[in-house]
**Q** 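Here it is, the structure, as structure tokens.
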Amino acid sequence: MKIKRYNSIGREELIAASKVIKNGILSDFIGSNSKKFLGGKYVQKFENQITKYFKVKYAITTNSWTSGLIAALGSMNLQPGDEVICTPWTMSACASSILHWNAIPVFVDIDKNTFNFNLENLKKNITRKTKAILAVDIFGQSENINEIKKIIKNRKIYILSDSAQAIGAKYKGKFAGTIADIGGYSLNCHKHINTGEGGIIVTNNKKLAEKCRLIRNHAESVNKSKKKKDLTNLVGYNFRLGEIESAIGIEQLKKLNKILAYRKKLAFELISKIKDLPGLQTPHLKRNCTHIFYVIPFVLDLSKLKYNRKKIVHLLSKSGVVGLNEGYQNLHRLPLFQKKIAYGSSGFPWKPFNQRISYKRGNCKVAEDLHNKTFFYLSLCSYDFKVTHMKKFAKIFQNQWKNIKKN
Ligand SMILES: *Cc1c(COP(=O)(O)O)cnc(C)c1O
């Protein structure tokens, strides 16, 4: 069965983008201390809408969420060799944005049910050098931010929420990404809403917001005139979002609620019908959280099943389930970390700043087992799925399982 790629871009975006093109100003940033330091009309309007929607004090758009992660981490005054705790079960941009500041990613293993940090492991990995925790709202459900806050207590450790996959999800009544010190969302073309490429940083911390704005727009060139005291890590970049993207973003944000409601409906249509199949773990729904199902994650209990993951996914796909993928990420196993070759081949920045940290197999055993043997997912956000598809997929799971399960 062929199912079209998911597309939320329509007439509203066409009109909005055309307006920008008609007036000819595709970007209106100036990289010096002036009114235009904060960007053009649509950038500022979009940011304003974001603060209202997500109920935060500050929103800073960027040209990608990877740029957003780099700016957010840069705002925390990281020193070379400082440790930033991260999950191995996420996209590579999380780890590379840490390395960007010559800080050291410390990968902490995850919980098999929620794919969030294993909190015991998190606690054990906090050291004198830990400056931040990058908590990822993987697959569309928030990390346990309040529990992480409890663990770090009064230590000066920042929490950064990567809510790239969880834009609009709620945690204890608040939006994912807004409970940490700083957080944000991706607007790339694979995410719930998109502007082609783009990112959003959200925070209630004025100092962090100001630094992010500086890093976004050639920091060093405004320092002269702004008389800033804290000039650490203000190597400036161009992380600016354009006017067309911002105009599209304004329209996309209006659609977000509806998009998420439908995606949840799709996910529950499938999950409710297959949740009792033996040996199949469907998404663990946490209390006080909403799940917006960027993907639908599954974990196999192989002791209850006749076949390995490869065979099972093959059987389901062959019978018509679209969008299944095996495994996810084990960032600590990438050559970049195994060989410590992020900047040249001499081991920098681990050498000379922090050589203690290693990335051995077995460091994140749960994430490794999931990746190698038991985890698969349905790419819910990538296809133009309808309820009828989910009904059909549920039937296929049920039918195939008669043969897959051990008797
Ligand atoms: C998509 C994604 C990113 C990167 O966002 P871009 O906008 O593509 O740079 C980072 N983290 C997670 C968890 C993501 O899913």
Side-chain angles (χ1 to χ4, degrees), residues 6 8 46 50 59-74 84-100 105 107-108 110 114-117 132-143 145 159-169 171 175-177 180 182-202 212 215-216 237-242 245-246 248-249 252-253 256 260 263 291-297 323 325 327-332 334 336 367 370-371 375 377-382:
Y6 177 71
S8 62
F46 186 28
I50 295 162
I60 302 102
T61 55
T62 49
N63 55 7
S64 75
W65 173 232
T66 303
S67 307
L69 284 168
I70 292 173
L73 286 161
V84 177
I85 289 177
C86 183
T87 162
W89 195 251
T90 185
M91 218 217 121
S92 61
C94 296
S96 49
S97 59
I98 297 166
L99 276 174
H100 177 93
F107 294 107
V108 162
I110 54 172
T114 60
F115 315 111
N116 295 151
F117 285 127
I133 295 171
L134 205 172
V136 182
D137 300 339
I138 201 72
F139 306 145
Q141 188 169 236
S142 175
E143 252 287 358
I145 303 295
I159 304 176
L160 162 57
S161 266
D162 179 340
S163 305
Q165 303 180 1
I167 185 169
Y171 174 79
F175 282 105
I182 190 163
Y185 316 108
S186 167
L187 297 171
N188 89 22
C189 60
H190 308 290
K191 300 287 156 57
H192 291 285
I193 57 171
N194 86 93
T195 59
E197 304 288 351
I200 299 170
I201 302 168
V202 287
C212 285
I215 292 168
R216 168 176 72 174
Y237 296 94
N238 177 349
F239 290 161
R240 309 179 308 203
L241 190 68
E245 289 82 358
S246 301
I248 291 172
Q252 285 278 287
L253 193 57
L256 180 60
L260 297 182
R263 199 150 280 136
H291 200 316
I292 59 167
F293 299 104
Y294 176 64
V295 310
I296 305 181
N325 295 279
Y328 193 56
Q329 303 277 4
N330 271 187
L331 294 187
H332 62 302
L334 292 176
L336 179 67
L370 286 168
H371 181 61
F375 179 86
Y377 67 94
L378 192 145
S379 238
L380 194 66
C381 206
S382 308

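Ligands are counted one by one from 1 in listed order, and the atoms in each one are counted from 1 as well.
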**Q** Quick check for you: to the nearest 0.5 Å, what is the distance between Ser186 atom OG and Glu197 atom CD?
**A**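 Reported to 0.5 Å precision, the distance equals 7.5 Å.
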
**Q** Identify whether NZ of Lys or CZ of Arg in Arg263 sits under 6.0 Å from the centre of the six-membered ring of Tyr294 and within 45° of that ring's axis.
**A**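 Output no; distance or angle outside limits.
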
**Q** Would you mind running through ligand 1 and noting each atom that sits below 4.0 Å from a heavy atom of Gly198?
**A**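 Here the atoms of ligand 1 in question are 7 (O).
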
**Q** Looking only at distances, please establish whether an N/O atom of ligand 1 is found under 3.5 Å from an N/O atom of Trp65.
**A**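 Checking ligand 1 against Trp65, an N or O pair does fall under 3.5 Å apart.
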
**Q** Return a yes/no value for Thr90: is any of its N or O atoms, backbone included, closer than 3.5 angstrom to an N or O of ligand 1?
**A**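 The answer is no, given that Thr90 and ligand 1 share no N or O pair closer than 3.5 Å.
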
**Q** Less than 6.0 Å separating the ring centroids of Phe175 and Tyr185?
**A**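 Aromatic pair excluded; centres sit 6.0 Å or further apart.
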
**Q** Would you mind listing which atoms of ligand 1 come within a distance below 4.0 Å of any non-hydrogen atom of Asn188?
**A**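 Every atom of ligand 1 under 4.0 Å from some heavy atom of Asn188: 1 (C), 6 (P), 7 (O), 8 (O).
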
**Q** Between Tyr377 and Phe293, is a ring pair (Phe, Tyr, Trp, His ring centres under 6.0 Å) present by the stated rule, with each step listed?
**A** CA-CA 10 Å; Tyr377 67 94; Phe293 299 104; over 10 Å; no

**Q** What do we get for Lys191 next to ligand 1 when only non-hydrogen atoms under 4.0 Å count, side chain, backbone, both or neither?
**A**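 The answer is the side chain of Lys191.
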
**Q** Note the single closest protein heavy atom to atom 7 (O) of ligand 1, along with its residue, its atom name and the distance in Å.
**A**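 For atom 7 (O) of ligand 1, the nearest protein heavy atom comes out as Ser186 OG, 2.7 Å.
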
**Q** May I ask you to check whether Trp89 and Phe107 place their ring centres under 6.0 Å from each other?
**A**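 No, the ring centres sit 6.0 Å or more apart.
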
**Q** Would you mind telling me if ligand 1 is within reach of the side chain of Thr66, the backbone, both or neither, using heavy atoms under 4.0 Å?
**A**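 Looking at Thr66 and ligand 1, atoms from backbone and side chain both fall under 4.0 Å.
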
**Q** Under 6.0 Å between ring centres, would you say that holds for Phe115 and Phe375?
**A**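 Yes, the ring centres sit under 6.0 Å apart.
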
**Q** For Ser67, is the nearest heavy atom under 4.0 Å from an atom of ligand 1?
**A**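 No, Ser67 has no heavy atom closer than 4.0 Å to ligand 1.
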
**Q** Please state which protein non-hydrogen atom is closest to atom 11 (N) of ligand 1 and give its distance, to 0.1 Å?
**A**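 The answer is Asp162 OD2, 2.7 Å.
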
**Q** Measure from the ring center of His100 to the ring center of Tyr237 and say whether it is less than 6.0 Å.
**A**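 Close enough - the centres of the two rings lie under 6.0 Å apart.
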
**Q** Considering only protein heavy atoms, which is closest to atom 4 (C) of ligand 1, and at what distance to one decimal place?
**A**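 Answer, as residue, atom name and distance: Met91 SD, 3.5 Å.
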
